[in-house]
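Some notes on the structure that comes next.
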Amino acid sequence: MKILVVGSGGREHALAWKLKQSSRADRIFCAPGNAGTAEVGENVMIPANDLPALAHFAKENQIGLTVIGPDDPLAAGIADLFEAEGLRVFGPARSAARLESSKIFAKELMRKNKIPTARGAAFSKREAAFAFVEESRFPLVIKADGLALGKGVIIAQDAAEARVAIDSMLTKRRFGDAGTRLLIEECLAGSECSLHALVDGKNYRMLATARDHKRAFDGDTGPNTGGMGAFSPANNFGTELRAQFDREVMRPLLNGLNEDGVIFRGLLFPGLMVTGDGPRVLEFNCRFGDPETQVILPRLKSDLLELLEATIDGTLDRRVIEWDERAAVTVVLASGGYPDKYDIGKPIHGLELSASAKDVHVFHAGTRKKNGTVITAGGRVLAVTALGESVATARARAYEAVSQIDFEGCHYRRDIALGAVAAKVVGH
Ligand code: AMP
Ligand code: GLY
């Protein structure tokens, strides 16, 4: 089968790499891809948001399955377009992808189905939002309703900060149309956990758990990023929480969607805050996480292609997913200045040496090839993953591999998975 992966990040490199291992995978295409995906298959110069061109390419080239990486094309209805054209696609329809593309829609659904989440209220008028702030306790979380590249969440410490955040979204339109409505909610305390579930409309299967490091610098300081590293399994999600998550989140969510006539087929990634009172949903994502995918897929023993097809066909209940019991740690190498302004075009040294180490995978994100040399082409450049018998071993291996790589301005966090090194690997 010919497979098309849409996107160009580390997540898409990991997806293409894992799909390629399927005995039924023939040729892999990636649109637009990066220097890493070009090693796994063939890059196609179509941007991830050019929906008609992607559908045209899939038709012309008899693509048997298209896998969508990022959220934007899903929110724009790529799955609906492909299905209308008779093309097989992995990713939810636009109506289901609203769980991610509208935080207010997701909040309303959670409220209706009693899914534990932070208390909050939606606003489109500045005065009403300001009045709510006057009566609130702090810190307070202010979220743009729509997709804002992971930057649409502001934690305000007092009323003045909250008003500035509200003004920046509603009046100054900092996030454009994504911020014409906003959600104001209570700030939860606890530890975060990234859960991934394949959902086939009726059934779901959990993938391995993971934890992300969102802040740019060590000790969880600096601005939020797309994610500076991750590890799997999560060290804060045991069997009891898993049962609670099934009972209080997944079951009511799937029932609620069905009652509203919304069919979710694809990857659902709830971001959770594990609090003293149990799990609380922070957000729903409708696609694989980045960099979570770079630690989850190297631990997956089963055939990913078969799992994605079972998700589309509604036959996940017949599937058992097998995992490598070892832990995985990934460290993201970013361009100098990221997540703010950064330069690109820097030659990257040491890639081959680094990737040749035992149980190490170097996933590319913002890279491209120029005259035979791999150069930087984005903010997050590489995700270096290693497996190990313990988190500590995986972590040591990942950092050893990272130390072989160099490019001008390269920065990365030194404390990825540090808080979990003492954890024994239990479950997945
Ligand atoms: P979201 O896009 O909704 O997941 O928000 C991005 C990040 O903001 C989350 O990963 C959390 O770190 C933080 N966050 C979001 N909502 C809350 C909340 N209600 N309380 C505390 N932190 C939050
Ligand atoms: N790493 C978080 C995300 O993919 O949204």
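One-based numbering, in listed order, for ligands and for the atoms of each.
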4.5 Å side-chain heavy-atom contact, V381 and Y338: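 V381 does not reach Y338 side chain to side chain.
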K103, any N or O under 3.5 Å of ligand 1 N or O: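 Between K103 and ligand 1, an N or O pair is found under 3.5 Å apart.
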Sub-3.5 Å N/O-N/O distance, L188 and ligand 1: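 N/O-N/O distance below 3.5 Å exists for this pair.
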Face-on cation placement of R11 at F288 ring, 6.0 Å and 45° thresholds: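 Checked: cation-pi criterion not met.
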Ring-face cation contact, Y412 with R414, 6.0 Å cut, 45° max: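 Judged by the rule, R414 and Y412 form a cation-pi pair.
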Under-4.0 Å salt bridge between [X] and [Y]:
X	Y	value
R319	D303	no
E108	R111	yes
E408	K346	yes

Side-chain donor-acceptor contacts of residues 138-148 below 3.5 Å, not counting sequence neighbours, with atom names and distances?
{"unit_1": "K143", "atom_1": "NZ", "unit_2": "E185", "atom_2": "OE2", "d": "3.0"}
{"unit_1": "K143", "atom_1": "NZ", "unit_2": "L282", "atom_2": "O", "d": "3.1"}
{"unit_1": "D145", "atom_1": "OD1", "unit_2": "S102", "atom_2": "OG", "d": "2.9"}
{"unit_1": "D145", "atom_1": "OD1", "unit_2": "K103", "atom_2": "N", "d": "3.1"}
{"unit_1": "D145", "atom_1": "OD1", "unit_2": "I104", "atom_2": "N", "d": "2.8"}
{"unit_1": "D145", "atom_1": "OD2", "unit_2": "S102", "atom_2": "OG", "d": "3.3"}

Amino acids in close contact with ligand 2, where any non-hydrogen atom sits under 4.0 angstrom away: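 Ligand 2 pocket, heavy atoms under 4.0 Å: D212, G226, F269, R287, G289, D290, P291, E292.
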Ligand 1 contact by C187, heavy-atom criterion under 4.0 angstrom: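 The answer is yes, since C187 has a heavy atom less than 4.0 Å from ligand 1.
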Given D406, L333, T376, the one that forms side-chain contact (heavy atoms from CB on, under 4.5 Å) with I348: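 Going through D406, L333, T376 one by one, the side-chain contact (heavy atoms from CB on, under 4.5 Å) with I348 is satisfied by T376 alone.
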Could you tell me which atoms of ligand 1, counted from 1 in the order shown, lie closer than 4.0 angstrom to a heavy atom of [X]?
X	answer
E186	18 (C), 19 (N), 20 (N)
E185	16 (N), 17 (C), 18 (C), 19 (N)
A118	19 (N)
E192	9 (C), 10 (O), 11 (C), 12 (O)
K214	10 (O)

If you measure from each non-hydrogen atom of [X] to ligand 1, which part falls under 4.0 Å: side chain, backbone, both or neither?
X	value
K143	side chain
V153	side chain
L282	both

Residue pairs, two or more places apart or on separate chains, that pass ring pair (Phe, Tyr, Trp, His ring centres under 6.0 Å) and touch residues 158-201: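 For residues 158-201, and leaving out neighbouring residues, the ring pair (Phe, Tyr, Trp, His ring centres under 6.0 Å) pairs sorted by first residue read H196-F269.
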Atom CG of D343 with >12 non-hydrogen neighbours under 6.0 angstrom: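 12 or below, so no.
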Donor-acceptor under 3.5 Å (T367 side chain, N34 main chain):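 Judged by distance alone, no pair lies under 3.5 Å.
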Identity and separation of the nearest protein heavy atom to atom 1 (P) of ligand 1: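 Of every protein heavy atom, E283 OE1, 3.3 Å lies nearest to atom 1 (P) of ligand 1.
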For a quick test of your reading: what N or O donor-acceptor pairs under 3.5 Å do the side chains of residues 118-134 make, sequence neighbours left out?
{"unit_1": "R126", "atom_1": "NE", "unit_2": "D167", "atom_2": "OD1", "d": "2.7"}
{"unit_1": "E134", "atom_1": "OE2", "unit_2": "R163", "atom_2": "NH1", "d": "2.8"}

